[in-house]
Amino acid sequence: HKAGLAYASMLVDFGPDGTEFSAPVAVKIKLSNTTLAADETMEVFFFSPTLGQWTRLPGSHNISGGVVSAMTTHFTNFAGFRVKTPLPPPVTLPPTATPAPTPSPTTPALASSPSA
């Protein structure tokens, strides 16, 4: 399986394989391990024979009572996985520059005319 993934259920074969639905249906998978680390989520994946790898089901994934569920439009092999979620990279802010004071407008000096 992919790096960052750990099985959280047995493989479940919903079939017949390749069955497709015009509207999404819910697949529910009983989890064998519901413990999540702070940087993990629980998600449903299906095995794609075309790609030769596990692929995350799109959309939201719900966990309730030791079961993870997600919506799909086809049947194949599914499993629940604990997924490492990447932590956002640290943000380095540039130093805050102190703005230079803005000069106040001045009244120009009146030119004096030479006396005759």
Side-chain angles (χ1 to χ4, degrees):
H1 62 270
K2 294 180 178 182
L5 297 179
Y7 285 104
S9 76
M10 300 294 291
L11 179 134
V12 181
D13 184 8
F14 287 96
D17 281 356
T19 300
E20 293 191 13
F21 305 97
S22 57
V25 297
V27 290
K28 296 181 178 184
I29 300 171
K30 182 164 179 50
L31 299 169
S32 53
N33 181 349
T34 58
T35 305
L36 292 174
D39 63 344
E40 291 180 324
T41 60
M42 191 71 71
E43 300 185 13
V44 178
F45 281 67
F46 68 92
F47 188 78
S48 169
T50 307
L51 299 174
Q53 67 184 22
W54 287 99
T55 303
R56 181 187 182 276
L57 276 178
S60 62
H61 298 245
N62 302 305
I63 304 170
S64 177
V67 173
V68 64
S69 63
M71 303 301 283
T72 185
T73 55
H74 68 286
F75 275 168
T76 189
N77 294 321
F78 292 89
F81 282 90
R82 292 188 335 266
V83 180
K84 289 267 188 208
T85 53
L87 297 174
V91 176
T92 305
L93 299 174
T96 305
T98 306
T102 306
S104 3
T106 57
T107 307
L110 297 174
S112 57
S113 55
S115 343

Under 4.5 Å between side-chain heavy atoms, hopping through other hydrophobics if needed: is there a path connecting L36 to F81? no
Do you reckon M10 sits in the same ILVMFWY cluster as I29, going by side-chain contacts under 4.5 Å, direct or chained? no
Using the rule that Ile, Leu, Val, Met, Phe, Trp and Tyr join whenever any side-chain heavy atoms are under 4.5 Å apart, tell me whether V83 and L31 fall into a single cluster. no
Would you tabulate the side-chain donor-acceptor contacts of residues 40-48 under 3.5 Å, counting partners in other chains and residues two or more places apart, or write 'none'?
residue	atom	partner	partner atom	Å
E40	OE1	A37	N	2.9
E40	OE1	R82	NE	3.4
T41	OG1	E43	OE2	2.8
E43	OE1	R56	NE	2.3
S48	OG	L51	N	3.1

Contacts of type side-chain hydrogen bond (donor to acceptor under 3.5 Å, both in side chains), residue T34, not counting sequence neighbours: none
Do any pairs count as a ring pair (Phe, Tyr, Trp, His ring centres under 6.0 Å) and have a residue in residues 9-32, sequence neighbours left out, and if so which ones? F14-F75, F14-F78, F21-F75
Got a sec, which pairs hit side chain to side chain donor-acceptor pair (under 3.5 Å) with one end in residues 9-26, sequence neighbours left out? none
Same cluster for V25 and V12 if Ile/Leu/Val/Met/Phe/Trp/Tyr side chains link at under 4.5 Å? yes
Hey, could you give me each pair passing side chain to side chain donor-acceptor pair (under 3.5 Å) that has a residue in residues 64-75? Not counting sequence neighbours. T72-H74
